4 protein chains.
Amino acid sequence: MPLSEKQRENMKRKRTLILDVATELFATLGYEGTTIKKVSEAAEISFGSVFTYFKDKEALFYAVVVEPIEAFKNDVLSFNPESEEPLIELKIMIDRHMTIYASLQNYLMIVVQIIGQHNKYPEAFAKLDAFHDQFREKVKRLVENGQNKQVLIDQDPMTVATMYTSLLSGLRINSVDSRYSAFQGSFNETTMQLFGPIKQ
Amino acid sequence: MPLSEKQRENMKRKRTLILDVATELFATLGYEGTTIKKVSEAAEISFGSVFTYFKDKEALFYAVVVEPIEAFKNDVLSFNPESEEPLIELKIMIDRHMTIYASLQNYLMIVVQIIGQHNKYPEAFAKLDAFHDQFREKVKRLVENGQNKQVLIDQDPMTVATMYTSLLSGLRINSVDSRYSAFQGSFNETTMQLFGPIKQ
Amino acid sequence: MPLSEKQRENMKRKRTLILDVATELFATLGYEGTTIKKVSEAAEISFGSVFTYFKDKEALFYAVVVEPIEAFKNDVLSFNPESEEPLIELKIMIDRHMTIYASLQNYLMIVVQIIGQHNKYPEAFAKLDAFHDQFREKVKRLVENGQNKQVLIDQDPMTVATMYTSLLSGLRINSVDSRYSAFQGSFNETTMQLFGPIKQ
Amino acid sequence: MPLSEKQRENMKRKRTLILDVATELFATLGYEGTTIKKVSEAAEISFGSVFTYFKDKEALFYAVVVEPIEAFKNDVLSFNPESEEPLIELKIMIDRHMTIYASLQNYLMIVVQIIGQHNKYPEAFAKLDAFHDQFREKVKRLVENGQNKQVLIDQDPMTVATMYTSLLSGLRINSVDSRYSAFQGSFNETTMQLFGPIKQ
DNA sequence: TATGAATGAGCGTTCATTCAT
DNA sequence: CATGAATGAACGCTCATTCAT
């Protein structure tokens, strides 16, 4: 007797709930500071139930890190590196990335922890790294396009791409103390400078 | 019976030794992954001795984080915001910062962890934050100087300063995977773009 | 609505299947090492079904231990203590017992565990003990018969019976390492010596 | 500053105490039924102290099993297989073994559990097995000696040795229910029968 | 009857901290 | 001051059992 549709639905919701509260806790308290007990209490389920949905703490952490990647991947990569108007494309891209990164508060805090301890979380780190490489590569192509069309000054395109993604990460880090929002408007224009736009 | 000079010397060396091995361990294994036993073994002293020099684990961590600040503070802040040649000053400053950050491998790994977990380490975070504010403020003044002398384009100076320090941090983070060294030469010129240098 | 004949059959088969796989697992992994989940997987039935057939884990274990007793009881006790030819009867009996014990590999492993932990499994142990007493008593009568007919030397009959059954158990124990088969032919003759046969 | 002699003494006593209460508990409750908490309570020390003396539960169990071997090895093997009077040597040997086995109540209960679950305790089992082989081999040599001197009937000496050690183990097992003492006097003479003594 | 998600007590183990020596 | 044994709270995890479907 397989599970009814309703039960299946319920489980899906429960799993998502666990992931949500775990994301919050991992971001706030770190991997070690987050205990299964705290997760179960925050999700208002029993201790043992966490293990029904995730084999162990590591699997829960891995899911928290990896599953969102697919969700925001499309958003982050939704720019056209072959655009006829690279400068405009760039501007739109920066806007979008600032918005996305501003919304990923908790998630990025976890990312920072993984990078700071990447030896401890090799699988999760590998996934993030793979995404990052893809991201950087696509930015590079847009930079090349802009340079070819002579609307961007000549710089090593991969260097520019690396610095752009680094800046996004760095802004996130430097914004933790919430005394100032990292992602205010003036940031976008200064970020554009990195690409060396040529005034027409 | 007061301690002899020799004893005093010896204790000082022991304390420094503990801090050094602890820095390495905290950077590599994280706060929770670093145990007092591991520290004592790496320093080849007895377990109990660690507590002779540091009240508890937290105090050791705090010392590891805070004490080096004074040491590199002077280096990092050794640029002249009132320079007559802001562009040249900027270039020299970037060079120096890149060099310093490249040499602080372990320490910056710990900084990343603290920022990612700032709620957990409020005092250490506050110290780092205070330094960061001072750093940013001084960069801002150099930017203002450059803009006044019309060798830098007009942008909000604080924004530029924030993005510069963010970029330094972000580069550090994105360099962990050792496939590429974050601090290669081409980075310096692209970094300069952020400030919007005006071609003469 | 009563169960159909077919359903009843099906349930009987399922119950036997559970007992079989549980015997194998209890023998190999011990009581604690055997989990209901493993039993259900080995029997290719659902986890919950095990509880349909056995109230709890203890009941399953009890059934595994006690139910086979009836099955081999007749075999083990099928010798005639009043035989006119006690020496021949003895030889046949030893042969049969060696054969039976050699075939009860898994079961005897469980018996050994129960005896080693008899405080933990009092009911199961009591059943085994009762059988053992009956067994020993019947052997004793055959020994008395042989002594009366002066084909066995004079020894305390109960002592001989006890040592005989002890030897059967002990052989089983010493045979676990499968480097030598405990139940090879030469054993039977040496076993016979225990009874003190008088050469005619 | 190394530990003082007194402290060393104290630790030795504590370690022995833990081994003693653990032996009792393992024999009575089995490996799984024995918890570190129970051990610490029985030894009247703190929970954590058990781990000061034994790395983990498995190491404690291993020590309980292996360390006594050396202690009784000499006793068990203290017979002369080349004796000029094999029959007398045999009688003395049996007496001694009966006495030793009768005194190893708890220990032999543990041995039985290990044999019954030898896959689970491979190292401990290997040690016991090695001792058993040595034991059996030496008994075999005494049997050969007796056969050569024609005071024992001709039987395969290794078979006789195997059955003798099996009988010792089996008696131990069959004596658990304390309704009768396995090691009463009459046992020794019947045991002697196994070797096939030739009346002079 | 069959199923498997839900539960939480209880386990082994770690480790910061204390303190007698 | 140096040492390391002693302590026990807190962790991750397992699994027999229950029960809604």
Side-chain angles (χ1 to χ4, degrees), chain A residues 1-8 10-11 14-15 32-40 45-60, chain B residues 1 3-4 7-8 10-11 14 32-40 45-60, chain C residues 1 3 7-8 10-11 14 31-40 45-60, chain D residues 1-8 10-11 14-15 32-40 45-60:
Chain A
M1 187 172 25
L3 292 178
S4 71
E5 192 59 33
K6 204 174 148 194
Q7 280 172 311
R8 219 184 281 281
N10 206 31
M11 287 187 71
K14 219 162 184 173
R15 189 177 186 281
E32 316 282 350
T34 300
T35 68
I36 303 292
K37 191 162 176 284
K38 284 176 187 165
V39 171
S40 69
I45 59 172
S46 81
F47 176 78
S49 275
V50 178
F51 294 95
T52 301
Y53 292 89
F54 301 93
K55 172 177 153 287
D56 53 23
K57 190 181 178 181
E58 206 183 310
L60 172 59
Chain B
M1 183 174 47
L3 293 176
S4 73
Q7 279 174 311
R8 214 185 287 280
N10 204 31
M11 286 187 68
K14 223 163 183 172
E32 318 282 350
T34 300
T35 67
I36 303 292
K37 190 158 177 283
K38 284 176 188 165
V39 171
S40 69
I45 59 171
S46 81
F47 177 77
S49 276
V50 178
F51 293 94
T52 301
Y53 294 90
F54 301 93
K55 170 176 154 288
D56 55 22
K57 190 181 179 181
E58 205 183 310
L60 172 58
Chain C
M1 183 174 47
L3 294 175
Q7 278 174 311
R8 215 185 286 279
N10 205 30
M11 287 186 69
K14 224 164 183 171
Y31 182 80
E32 317 282 350
T34 300
T35 66
I36 302 293
K37 191 160 176 283
K38 284 176 188 165
V39 171
S40 69
I45 59 170
S46 81
F47 176 77
S49 275
V50 177
F51 293 93
T52 301
Y53 293 90
F54 300 93
K55 170 176 157 287
D56 55 23
K57 190 182 178 180
E58 207 183 309
L60 173 59
Chain D
M1 189 170 24
L3 292 179
S4 71
E5 192 59 33
K6 205 173 143 194
Q7 280 173 312
R8 219 184 281 280
N10 206 30
M11 287 187 70
K14 219 164 185 171
R15 189 177 186 280
E32 317 283 350
T34 300
T35 68
I36 302 292
K37 192 162 176 284
K38 285 176 187 165
V39 171
S40 69
I45 59 172
S46 81
F47 177 78
S49 276
V50 178
F51 293 96
T52 300
Y53 293 89
F54 300 94
K55 173 176 151 288
D56 53 23
K57 190 182 178 179
E58 205 183 312
L60 172 58

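Quick caveat, the model's predicted, so the values are computed rather than measured. Per chain, numbering begins at 1; letters A, B, ... match sequence-line order.
- Remark: DNA chain F takes part in the stems E:2-21 with F:2-21, each of 3 or more antiparallel Watson-Crick or G-U pairs, criterion distances under 3.5 Å.
- Distance check: D:F47 CZ to D:T35 OG1 gives 8.0 Å after rounding to the nearest 0.5 Å.
- When all heavy atoms of A:K14 and A:I45 are compared, the pair lying nearest together is CE-CG2, 3.5 Å.
- When all heavy atoms of B:T34 and B:K57 are compared, the closest pair comes out as O-NZ, 2.8 Å.
- Between A:R15 and A:Y53, the shortest heavy-atom distance links the atoms CB-CD2, 3.8 Å.
- Nucleic acid contact class of A:Y53 (heavy atoms, under 4.0 Å, all strands): sugar-phosphate only.
- Atom-to-atom, CZ of D:R8 to C1' of E:dT21 comes out at 13 Å; the value is rounded to the nearest Å.
- Under 4.0 angstrom from either OP1 or OP2 of E:dT1 there lies no side-chain N or O belonging to C:K14.
- Between C:I45 and A:T52, the residue whose closest nucleotide on DNA chain E is further toward the 5' end is C:I45.
- Comparing D:N10 and B:N10 by the nucleotide of DNA chain F whose heavy atom lies nearest to each, the residue mapping closer to the 5' end is B:N10.
- Distance, A:F54 CZ to E:dA5 P: 14 Å, rounded to whole Å.
- Residues B:S40 and B:S46 share a closest heavy-atom pair of CB-O, 3.7 Å.
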### Task
Spell out protein contact along nucleotides 12-17 of chain E as letters: B when the base is contacted, S when just the sugar-phosphate is, - when no protein heavy atom is under 4.0 Å; keep the 5' to 3' order.
SBBSSB
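- Within 4.0 Å of D:K6, counting heavy atoms only, lies no atom of the nucleic acid at all.
- For CD of B:E32, the number of neighbouring non-hydrogen atoms (other residues, nucleotides, ligands) closer than 6.0 Å is greater than 12.
- Across B:F51 and B:I36, no two heavy atoms sit closer than the pair CE1-CG2, 3.7 Å.
- Sequence order on DNA chain E of the closest nucleotides to A:V50 and C:S46 puts C:S46 first from the 5' end.
- Distance, D:M11 CE to E:dT21 P: 14 Å, rounded to whole Å.
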